[in-house]
Amino acid sequence: MKTVKNPETISKSLKKFKLKGKSIGFVPTMGALHAGHLSLIREAAKENKIIVVSIFVNPTQFGPQEDLKSYPRPIKKDLLLCQKEGVEYVFLPQVKDIYPRGFSTYVNVEGLSDLLCGKARPGHFRGVATVVTKLFNIIQPDTAYFGQKDAQQAMIIQRMAKDLNMPVKIKVIATAREKDGLALSSRNVYLSKNERKDALVLSKALNLAKILIKGGAKDTGRIISRMKQLIISKKSAKINYIAVVDPMNLKPLKKISGDYLIALAVSIGKIRLIDNFQGRLY
Ligand code: PAF
């Protein structure tokens, strides 16, 4: 496994494989790798000859009050995990390589970026879209892999790749969960023992919604209010949003019909967690 810090060096190295017709599968990450990332890497390995993982805690996607400084950076452990998974290249750029002095070009996927998580985190998706564009330009992957847990991020990246004719296929992989249902997230490590228990309320609320829909519920207002009741029964939980939306455009749905996405963001203590479920009613 090779670890490369310099963008030009990795571009050059990967070009050789491209010229030989070897496909490149790319998993962009901010590190603190968990089983969710590993499932993306494994999917990439099934479909590609060369696997590239980037580890870069991207400052432009953090708000001024967010956890950029304290974001976990267990780099040694991350590199070991990549090695075990048979990753060929880990791209580990520094902030100055990605955002050199004078950097002033940003990518903004309009509309989609201001909804749901974008409301509470202004500028977040602009930072994501910008860094992912840069990473795509540097790595030039055939396919890039993202997790369904960040459903809005995955949609924005798909939209961006389509709108800007980026020559990359985007694949979205099912959310990896703990045995008890908690969606894996690099931020779960911040949860105290009690908060970890309370955090289960996100997946439980989604399960409740699934049961209600299976039982014939269609009114999204009612479904959301039942989810709210369940979540606020936990003292440490503070709802940021619960939304039932059209997964094509993230616009709110009044009634469940056809494809729907139920997404929620809830702070457990100080830790903001997200989860979602995408379904279809025939
Ligand atoms: O999902 C993430 O870890 C990040 O948002 C990403 C896609 C690596 C961009 O920094």
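Residue numbers run from 1 in the order of the sequence given. All ligand and atom numbering here is 1-based and tracks the order in the structure.
The distance from ligand 1 to the heavy atoms of Val131 drops below 4.0 Å at these ligand atoms: 9 (C), 10 (O). Every atom of ligand 1 is numbered from 1 in the order shown, and the set under 4.0 Å from a heavy atom of Gln61 is 4 (C), 5 (O), 9 (C), 10 (O). Under a 4.0 Å criterion applied to the non-hydrogen atoms of Gln153, ligand 1 contributes the atoms 1 (O), 2 (C), 4 (C), 5 (O), 7 (C). Counting atoms of ligand 1 from 1 in the listed order, those under 4.0 Å from a heavy atom of Thr29 are 8 (C).
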Could you walk me through whether Leu184 and Glu178 pass side-chain contact (heavy atoms from CB on, under 4.5 Å), step by step? CA-CA 7 Å; Leu184 296 189; Glu178 300 279 7; 3.4 Å; yes
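Annotation for Val53: hydrophobic cluster partners, listed by chain and number, are Met1, Val27, Leu33, Leu38, Leu40, Ile41, Ile51, Ile55, Ile75, Leu79, Leu81, Val87, Val90, Leu92, Tyr145, Ile173 (ILVMFWY side-chain heavy atoms under 4.5 Å, direct or chained).
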Show me the donor-acceptor pairs within less than 3.5 Å that the side chains of residues 224-236 make with the rest of the protein, sequence neighbours left out.
from   : atom 1 : to     : atom 2 : distance (Å)
Ser233 : OG     : Leu230 : O      : 2.5
Ser236 : OG     : Asp198 : OD2    : 2.7

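Taking the ring axis of Phe277 as reference, the NZ or CZ atom of Lys210 stays within 45° of it and closer than 6.0 Å to the ring centre.
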